[in-house]
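As a basis for the values below, the full set of heavy atoms in this structure was taken, side chains included, without hydrogen atoms, waters or symmetry mates. Here the structure is a predicted model, which means the values were calculated and not measured.
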Amino acid sequence: MAANRCAGGRVAARYRTIPSDGEDPLKGLILSGGLGTRLRPITHTSAKQLVPIANKPILFYGLEAMVAAGVTDIGLIVGETEEEIRAAVGDGGRWKAKVTYIRQAAPLGLAHAVKIAEPFIGRENFVMYLGDNLVRDGITSFVRRFEQSKPDSMILLAHVPQPELFGVAELLDGQVVRLEEKPEQPKSDLVLVGVYLFTPMIFDAVKAITPSERGELEITDAIQWLLDHDANVEPHVIDGWWKDTGRLEDMLEANRFVLDTMEASCAGRVDESSKLVGKVIVEAGAEICNSTIRGPAIIGERSQIVNSYIGPFTSIYHGCEIRNSELEHSIVLENSKILDVSTKIEDSLIGKEVVIRRTEELPKALRFMLGDRSEVQLT
Ligand code: DAU
């Protein structure tokens, strides 16, 4: 075993619980709790993992990636938004997976989520996936590599321009020597992607560490604990596209990226005076009247687009109504209405059942009913 020795390191075997023999398929753990503070007000009422990217909840991409890798016995960590997530995911049968819900009383950190998942995972190896992450090429190749090389843990890393927003890894001769969660002065631009492979040794680590300054049990500290105890933590730098969709701009970028990979299709109604240009997906029951849709874009089930322009990289979810308006590079959630707004709307995330409309009412004024932490930019 190529051990990662650090000062004070001890022999890993002394601490290790018995790893599974690697014959059984791995178990899966998807983290879908947390508060989604960076996406408020959307996440005041909804789970951030259910915001749709190209009209599919982000969480579903993770579930699909797990199942594609042969991981079908999946624990789903949920918090306050449990009910909403249960309604969307059910028992996992839709993906031919078996989903077990694990309630986390409060978002006390990723390592805390691992700790409470121990009764579900037992003595198995497992893959953990953060429910707000999107990994373009899926996780199958990493899972296979982990099964073959049998390290104590495998972490995925990616080069990013703003490493201080993530867990940062320091490598020496291809070995991980140090991990730090959101350091002010990152030692490298290599950050932890939200996919981790673990043996049950991680349970020793999550029990040994203490909360960070922000009051969370950090998975980064737990993996550092593994390193400090001579465990073999294998790094794997990914070259494909990956996104943590925690912030609005990341969400829009993920939407752009996924829309661009989709094929045009039309299961709705498009009248003769409308124009679909490029990759446009019109879902069942959607109606496009006297409008131009320039793809890549998706118009969700039962949505109506009338006398409007929908520009590239826009996702309109189910049951929306867009009338006499222009919209581009945006995501609109279900049952929202944008009516008679002549100024183009762009770079926006519009929540569920939102109404934006022009009125002739006097006095001429802007009138709002906005949730906490909403942001409106006027020109
Ligand atoms: O996306 C990669 C980054 O994810 C890593 O680089 C960081 O090292 C890692 O700490 C994590 O950072 P974030 O600050 O982005 O984690 P976040 O709080 O957004 O939580 C990630 C997912 O886990 C999200 O779907 C919510 C869920 N979660 C989070 C916490 C804190 C839980 O289910 N329970 C929790 O207690």
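- Under the rule for a side-chain hydrogen bond (donor to acceptor under 3.5 Å, both in side chains), W95 has no partner lying at least two apart in sequence or in another chain.
- Every residue meeting the salt bridge (charged side-chain N to carboxylate O under 4.0 Å, His left out) condition with D260, not counting sequence neighbours, appears here in chain and number order: K279.
- When the salt bridge (charged side-chain N to carboxylate O under 4.0 Å, His left out) test is applied to E272, no partner is found at least two apart in sequence or on another chain.
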Would you tabulate the side-chain donor-acceptor contacts of residues 357-365 under 3.5 Å, counting partners in other chains and residues two or more places apart, or write 'none'?
from, atom 1, to, atom 2, distance (Å)
R358, NE, D340, O, 3.1
R358, NH2, S342, OG, 3.4
T359, OG1, E361, N, 3.0

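- Not counting sequence neighbours, the partners of E82 by the side-chain contact (heavy atoms from CB on, under 4.5 Å) test are V78, R86, Y101, R103.
- In this structure the side chain of E147 reaches within 4.5 angstrom of the side chain of L26, judged on heavy atoms.
- Contacts of R94 classified as salt bridge (charged side-chain N to carboxylate O under 4.0 Å, His left out), with partners at least two apart in sequence or in another chain: none.
- For E118, the side-chain hydrogen bond (donor to acceptor under 3.5 Å, both in side chains) test picks out R123, K207, with sequence neighbours left out.
- Checked against a 6.0 Å centroid threshold, the rings of Y129 and Y61 do not count as neighbours.
- Linking ILVMFWY residues whenever their side-chain heavy atoms come closer than 4.5 Å, directly or via other members, places L349 and F257 in the same cluster.
- Considering only residues two or more places apart in sequence or on other chains, D189 meets the side-chain contact (heavy atoms from CB on, under 4.5 Å) condition with H159, P163.
- Under the salt bridge (Lys or Arg N to Asp or Glu O under 4.0 Å) criterion, the residue pairs touching residues 309-332 are E321-R323, E321-K337, E328-K344, with sequence neighbours excluded.
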Take F146 and N125 through the test side chain to side chain contact (heavy atoms under 4.5 Å, CB included) and record every step on the way to the result. CA-CA 10 Å; F146 177 77; N125 296 338; 4.0 Å; yes

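- Salt bridge E84/K352: present, at least one basic N to carboxylate O contact under 4.0 Å.
- When atom types are taken as modelled, the side chain of K27 and the backbone of F120 share a donor-acceptor pair closer than 3.5 angstrom.
- In this structure, E301 has no salt bridge (charged side-chain N to carboxylate O under 4.0 Å, His left out) partners at least two apart in sequence or on a different chain.
- Within the structure, ring-ring contact (aromatic ring centres under 6.0 Å, His included) pairs that include any residue of residues 323-362 do not occur (at least two apart or interchain).
- Listed by chain and residue number, nothing satisfies the side-chain hydrogen bond (donor to acceptor under 3.5 Å, both in side chains) test with T72 (two or more places apart in sequence, or in another chain).
- Residues E234 and S149 have side chains in contact (heavy-atom distance under 4.5 Å, counting atoms from C-beta outward).
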